[in-house]
Amino acid sequence: MPGQIGEPQLHFWLVLLVFALAAQTFILLLWVNAPYGRFARDGWGPTIPARAAWILFESPAVVVFTCVYFAGDQAFTLVPLVLLGAWLFHYLVRTLVFPFRMRETGKRVPAVIVAMAILFNVLNAYINARWISHLGSYADDWLVSLPFLAGLTLFASGWLLNQHADRVLLRLRKPGETHYSIPRGGIYRYVSCPNYLGEIIEWTGWAVMTWSLAGLAFAVFTAANLLPRALATHRWYRKQFPDYPSGRRAIIPFLV
Ligand SMILES: NC(=O)c1ccc[n+]([C@@H]2O[C@H](COP(=O)([O-])OP(=O)(O)OC[C@H]3O[C@@H](n4cnc5c(N)ncnc54)[C@H](OP(=O)(O)O)[C@@H]3O)[C@@H](O)[C@H]2O)c1
């Protein structure tokens, strides 16, 4: 029907929406720290225990992504299946392993933050899954192409850095402890938030290995979300600990 918009157009507009959300999120987070973790505070309405909140808001990245993926025409072809594997590898760990590695501190997350994260994850799962299994097109030899191999290398190194950095943080507290201390050693000699750096590298790798605007939108959103939080976390450490290592940067070694 003339005037009716088709799915590729709708998908394109939703990808643009994620770029717009990234810009808005970046500006907002330079002024307001998202109220969870070290920046948790009252005044944000009803709250949910942190562990349940993480499982709840990360689940769409597994469930919606998998459903949208298998509705695609190319769901059972080689390259999309490999990309599905990479996505699920990350999100199964983030949804089902990370929340149980967090120390139980009694922290809670505002329901409004959980709701916003769920909406974002549904949108992001749709644009990425729909692209790789339906709207995009990948020949089998994409797996030996330079963008795929470079992207996969970035994705894997970002994941390893993120996991290593989170492991160091999660070991700082013994069971029952709730306080913060200074993480030391390895990449923490250079930056305060290597876990966020790893996350940004990982999704940049995803953008490259999928060679898609949807992947790029997610990578840009991740940076827009995590750069301001890294800056705020770095300021927080310096204020909290007078002996905080002076040469350490927020997120990019020697630079930022
Ligand atoms: N893709 C995205 O846009 C996105 C967005 C957000 C998060 N993430 C990822 O999700 C993971 C968790 O994010 P997050 O913002 O919760 O990270 P975080 O603030 O670094 O905290 C990670 C965990 O370590 C604990 N922790 C942090 N610093 C500590 C310290 N100095 N001493 C003792 N314990 C400490 C935290 O406890 P508390 O909870 O008590 O602070 C939390 O359990 C990260 O891997 C991050 O990259 C991704």
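As the structure is a computational prediction, the values presented were derived from the model and not from experiment. Just so it is clear, the values below take in all heavy atoms, side chains as well, and ignore hydrogens, waters and symmetry mates. Both counts, for ligands and for their atoms, begin at 1 and track the order of listing.
- With ligand atoms numbered from 1 in the order given, ligand 1 contributes 3 (O), 5 (C) to contacts under 4.0 Å with heavy atoms of N225.
- In terms of protein heavy-atom proximity, atom 21 (O) of ligand 1 is nearest to L169 CD1, 4.3 Å.
- Closest to atom 28 (N) of ligand 1 among all protein heavy atoms lies R38 NH2, 2.9 Å.
- Distances from atom 45 (O) of ligand 1 to the heavy atoms of N195, D166, I200 show the closest one on D166.
- Contacts between L226 and ligand 1, counted as non-hydrogen atom pairs separated by less than 4.0 Å, involve the side chain only.
- For atom 32 (N) of ligand 1, the nearest protein heavy atom (residue, atom name, distance) is S181 N, 3.3 Å.
- Between H179 and ligand 1, not a single N/O pair is under 3.5 Å apart.
- No more than 12 heavy atoms of other residues, nucleotides or ligands shown are found within 6.0 angstrom of CH2 on W211.
- Taking the six-membered ring for Trp and the full ring otherwise, the centers of W87 and Y69 sit at least 6.0 Å from each other.
- Within the structure, ligand 1 has R94 among the residues with a heavy atom less than 4.0 angstrom away.
- Residues F100 and R51 meet the side-chain proximity criterion, which asks for heavy atoms closer than 4.5 Å.
- The six-membered or imidazole ring of F218 lies away from that of W206, with a centre-to-centre distance of 6.0 Å or more.
- Here E199 has side-chain heavy atoms under 4.0 Å from ligand 1, and that is the only part of it that gets that close.
- Closest to atom 12 (C) of ligand 1 by heavy atom, among F57, Y237, F98, F221, is F98.
- The side-chain heavy atoms of F26 and L30, taken from C-beta on, include a pair separated by under 4.5 Å.
- Nearest protein heavy-atom neighbour of atom 39 (O) of ligand 1: G37 CA, 3.6 Å.
- Between V256 and L227, every side-chain heavy-atom pair lies at or beyond the 4.5 Å cut-off.
- Residue-ligand proximity, K107 to ligand 1, at heavy-atom distances under 4.0 Å covers atoms 38 (P), 40 (O), 41 (O).
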Working note: R103 + E177, criterion salt bridge (charged side-chain N to carboxylate O under 4.0 Å, His left out); need CA distance, chi angles, decisive distance, verdict. CA-CA 8 Å; R103 294 283 187 216; E177 289 183 348; over 6 Å; no
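- Among protein heavy atoms, the minimum distance from atom 13 (O) of ligand 1 is reached at W54 CH2, 3.6 Å.
- Each of the atoms 23 (C), 24 (O), 43 (O) of ligand 1 lies under 4.0 Å from some heavy atom of L170.
- Grouping the Ile, Leu, Val, Met, Phe, Trp and Tyr side chains by contacts below 4.5 angstrom, directly or via other members, places I113 with F98.
- Here atom 19 (O) of ligand 1 lies nearest to Y196 when heavy atoms of W203, F241, Y196 are compared.
- Aromatic rings from F120 and F221 are positioned such that their centres are separated by under 6.0 Å.
- For R173, every heavy-atom contact with ligand 1 shorter than 4.0 Å involves the side chain, none the backbone.
- Each of the atoms 44 (C), 45 (O), 47 (O) of ligand 1 lies under 4.0 Å from some heavy atom of N162.
- Closest to atom 41 (O) of ligand 1 by heavy atom, among Y180, W236, F120, F39, is Y180.
- At distances below 3.5 Å, at least one donor-acceptor pair connects side-chain atoms of Y180 with backbone N or O atoms of R38.
- Between F76 and F70, the ring-plane angle classifies as tilted under the 30° and 60° cut-offs.
- Under a cutoff of 6.0 Å and an axis angle of 45°, R229 and Y36 form a cation-pi pair.
- The distance from ligand 1 to the heavy atoms of Y36 drops below 4.0 Å at these ligand atoms: 6 (C), 14 (P), 15 (O), 16 (O).
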